[in-house]
Amino acid sequence: MGGRSALLNNALQRKNTHHRLRKYRAGVDNAGDVIPPQAMKRRLEISSAAMNASSTSVVLWDLLPQELQDKVLANLSLQELFKVRSVCKSFNQAIRRETFRHARRDAFKAASSSSTHHSRTTQIHVSEGSFGPLVFFANAALGKWEWSGYDMELQQWRKLPTLSNSCLHLPPPDRRSLKNFFIAGGDGLLCMNVANPLDSPNFEKLIVCNPLTQSTLELPPLHFRRHPVLIHIMVNHATNSFMILVAGSSSIGSQHLCRKTEVYDSLTSSWEVVSDLPGPDFGLNEYQVGVNANGIIYCVALVSDEAAVTVPADNHAATSHDTSTSNITTAAHCCKGLLAYNVKEKSWSSNSSWILPRLHPDATFATTQLLECNGSIYLFSEQELSSCKDVHFCIAQLEYGSNWMVVVDEKRNGYSRGLLVYPEYVCLAHDDHKLCVFNAVEHSVVVYDIHANTRLSLPSPSFSHKGAGFSKFHTLNPLGFVFRPSFHTAI
């Protein structure tokens with residue numbers, strides 16, 4: 001896409017000039033040194049003249065026809081749009097218009113038609129890029145959220161649109177705990193459970209937002225109020241709609257809710273209760289977003305092994321909400337495996353061949369995480385060997401939908417029990433058959449090429465939030481998804 005207009009250049013300069021003027025009037029320069037009186041007078045004259053010129057540019061911008069404004073903005077890069085949005089209210093409103101989104105789509109179509117990379121044409125219509133890993137920061141005192149992500153195309157860390165905009169209506173982070181929120185992402189949307197378990201142990205508050213369009217929606221209450229363990233976003237670009245799948249419960253004393261599954265449909269603006277989770281009570285006990293492969297959503301849970309026994313449902317404490325089948329599997333005869341939700345049939349299933357692979361019979365899973373890459377399902381896990389207390393990274397691929405094949409097995413150094421407090425390591429798809437392992441504490445990044453059997457370290461981020469009163473915001477779930485910003489995913 002082409003360059004930007006002189007009007008926009010002047011408008012961007014206006015914001016920087018205004019910032020300098022405030023400093024000069026305080027009698028200090030950018031380094032914080034005192035400015036001599038004569039020098040300060042001259043700087044104020046120059047900066048005031050620049051302010052007047054750029055203010056005139058903003059007035060001229062408002063005189064342009066809306067169609068021309070849309071075309072000019074539609075040809076800016078994503079980072080330039082971030083800057084323009086913060087200049088003035090007029091630019092911010094223009095970027096939020098429906099006509100701008102149509103112009104943006106037309107600009108991408110024109111760019112893709114002249115590009116030789118035809119394989120990316122479908123994605124370029126709906127996405128502004130691919131960002132991951134993701135790191136969230138919070139300033140509890142100021143009630144601000146910020147985040148950054150690794151730009152896979154430009155191969156550098158970049159700040160993403162602020163989550164502190166008043167349009168998003170997100171609650172400020174709780175200074176008592178910075179690891180209580182559940183954040184899922186998909187196709188340009190974020191879905192967050194922002195209810196603090198410290199204040200609302202049994203009631204969720206689910207919010208869907210598009211950080212680019214600065215639009216947000218608080219979803220209606222679930223039929224069965226609780227804090228879900230699984231949140232998954234599905235976007236249908238053909239119908240310009242989305243669905244949210246939630247399942248399980250982490251709420252105290254919610255045994256009768258731990259199997260519940262509900263689906264929100266933006267076309268009906270309502271929740272639908274679908275089939276219950278199979279397996280034992282609280283079998284779905286790890287916060288996760290799941291993966292979608294050909295209309296089937298997979299997640300990690302306790303499932304029956306081949307030697308599992310069942311006990312009559314009458315032997316369980318029944319409740320008025322209990323809709324379980326005639327037999328219930330006990331957790332003592334289960335192991336970790338996959339559950340699959342069929343979106344079309346609205347039902348769950350499991351398979352004995354989906355039991356998660358262990359490196360050794362005495363190995364225990366410290367963390368598990370599913371991800372999808374190029375249509376294949378991978379499992380990233382940290383496994384502790386009881387015999388020697390060693391901890392191993394393991395990446396396994398689900399072959400032909402039935403058998404696991406271990407493709408990466410590395411011994412981990414510096415094992416710490418801290419990984420059980422919040423997701424310390426995150427794995428996500430990076431490129432064609434390349435998986436990225438990100439240390440959310442040390443910020444080290446390693447990319448594994450599954451086909452070439454190689455590994456490559458990426459540059460560690462240097463965040464501007466550091467030292468500005470911001471703390472890293474650790475989510476309950478691993479941020480194992482790639483965020484693809486989009487102006488076209490509507491709420």
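Throughout, residue positions are numbered sequentially from 1 according to the sequence presented.
- For the pair F181/K205, no side-chain contact is recorded, criterion being any heavy-atom separation below 4.5 Å from C-beta on.
- Rounded to the nearest 0.5 angstrom, F365 CZ and C394 SG are separated by 7.5 Å.
- Nearest heavy atoms, V229 versus S250: CG2-N, 3.9 Å.
- Put simply, SG on C373 and CD on Q397 are 9.0 Å apart, with the number rounded to the nearest 0.5 Å.
- Using bins of under 30°, 30° to 60° and over 60° for the plane-to-plane angle, the ring pair Y287/F182 lands in the perpendicular bin.
- In terms of modelled atom types and a separation under 3.5 Å, the side chain of W404 and the main chain of R358 share no donor-acceptor contact.
- The main-chain N or O of V300 is found under 3.5 Å from a side-chain atom of Q288 such that the two form a donor-acceptor pair.
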Considering only distance and modelled atom types, tabulate donor-acceptor pairs under 3.5 Å from the side chains of residues 220-227, sequence neighbours left out.
residue: H223; atom: NE2; partner: W271; partner atom: O; Å: 3.0
residue: R225; atom: NE; partner: E204; partner atom: OE1; Å: 3.0
residue: R225; atom: NE; partner: E204; partner atom: OE2; Å: 2.9
residue: R225; atom: NH2; partner: E204; partner atom: O; Å: 3.2
residue: R226; atom: NE; partner: G248; partner atom: O; Å: 2.8
residue: R226; atom: NH1; partner: F224; partner atom: O; Å: 2.6
residue: R226; atom: NH1; partner: E262; partner atom: OE2; Å: 3.0
residue: R226; atom: NH2; partner: K260; partner atom: O; Å: 3.1
residue: H227; atom: ND1; partner: N193; partner atom: ND2; Å: 3.0
residue: H227; atom: NE2; partner: S200; partner atom: O; Å: 2.6
residue: H227; atom: NE2; partner: F203; partner atom: O; Å: 3.4

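- How far CG of L81 is from CG of L76: 5.0 Å, rounded to the nearest 0.5 Å.
- Taking the six-membered ring for Trp and thresholds of 30 and 60 degrees, Y150 and H430 have ring planes inclined between 30 and 60 degrees apart.
- Across L277 and C258, no two heavy atoms sit closer than the pair CD1-O, 3.5 Å.
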*Would you check, one step at a time, whether the test side-chain contact (heavy atoms from CB on, under 4.5 Å) holds for L134 with W147?*
CA-CA 7 Å; L134 302 170; W147 58 322; 4.2 Å; yes
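- A centroid separation of 6.0 Å or more is found between the aromatic rings of Y298 and Y341.
- Salt-bridge check for D281 with R259: passed, with a basic side-chain N closer than 4.0 Å to an acidic carboxylate O.
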*Can you list the steps and then say if L230 with L284 is a side-chain contact (heavy atoms from CB on, under 4.5 Å)?*
CA-CA 8 Å; L230 170 71; L284 187 64; 3.9 Å; yes
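- Checking E442 against Y425 by side-chain atom types alone, no donor-acceptor pair falls below 3.5 Å.
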*Determine, step by step, whether I183 and V289 satisfy the side-chain contact (heavy atoms from CB on, under 4.5 Å) criterion, reporting the C-alpha distance in whole Å, the side-chain angles of both residues, the deciding distance to 0.1 Å, and the verdict.*
CA-CA 8 Å; I183 301 179; V289 299; over 6 Å; no
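- With a 4.5 Å cut-off on side-chain heavy atoms, P485 and P211 do not count as touching.
- The closest side-chain donor-acceptor pair between S381 and Q383 falls under 3.5 angstrom.
- V135 and F438 get closest at one heavy-atom pair: CG2-CZ, 3.6 Å.
- Among I95, D106, T213, L212, the single residue meeting the side-chain contact (heavy atoms from CB on, under 4.5 Å) criterion with R101 is T213.
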_side-chain contact (heavy atoms from CB on, under 4.5 Å) for I377 and L370? Distances and angles first, verdict last._
CA-CA 7 Å; I377 295 177; L370 283 181; 4.1 Å; yes
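- With hydrogens and angles disregarded, a donor-acceptor distance shorter than 3.5 Å links the side chain of R104 to the backbone of A74.
- Inspection of the E286 and T368 side chains reveals an N or O donor paired with an N or O acceptor under 3.5 Å.
- In this structure, the side chains of V447 and L435 stay at 4.5 Å or more apart for every pair of heavy atoms.
- L379 places a side-chain heavy atom less than 4.5 Å from the side chain of P357.
- Note: H488 NE2 to H102 NE2 = 10.0 Å, rounded to the nearest 0.5 Å.
- Aromatic ring pairs are classed by plane angle as parallel below 30°, tilted from 30° to 60° and perpendicular above 60°; the pair W145 and F136 is perpendicular.
- Checking side-chain atoms of S77 against main-chain N and O of E80 turns up a donor-acceptor pair under 3.5 Å.
- A distance-only check finds a donor-acceptor pair linking the side chain of H360 to the backbone of D362 [under 3.5 Å].
- A donor-acceptor pair under 3.5 Å links the side-chain atoms of N374 to the main chain of H433, judged by distance alone.
- Judged by distance alone, with hydrogens and angles left aside, the side-chain atoms of E345 form no donor-acceptor pair with the main-chain N or O of N342 at under 3.5 Å.
- Side-chain contact between I491 and S266 is absent, with no heavy atoms from C-beta onward closer than 4.5 Å.
- Looking at every heavy atom in both residues, D187 comes nearest to T489 through O-OG1, 2.8 Å.
- With values rounded to the nearest 0.5 angstrom, Y264 atom OH is found 14.5 Å from L245 atom CG.
- Between V445 and V437 there is no side-chain heavy-atom pair separated by less than 4.5 Å.
- Shown here for S350 and L338, the closest heavy-atom pair between the two residues is CB-O, 3.9 Å.
- Distance check: M405 CE to S376 OG gives 9.5 Å after rounding to the nearest 0.5 Å.
- The closest side-chain heavy-atom distance from L219 to I207 is not below 4.5 Å.
- The shortest side-chain heavy-atom distance between E128 and R484 does not fall under the 4.5 Å cut-off.
- Closest non-hydrogen pair, T475 versus L479, comes out as OG1-CG, 3.6 Å.
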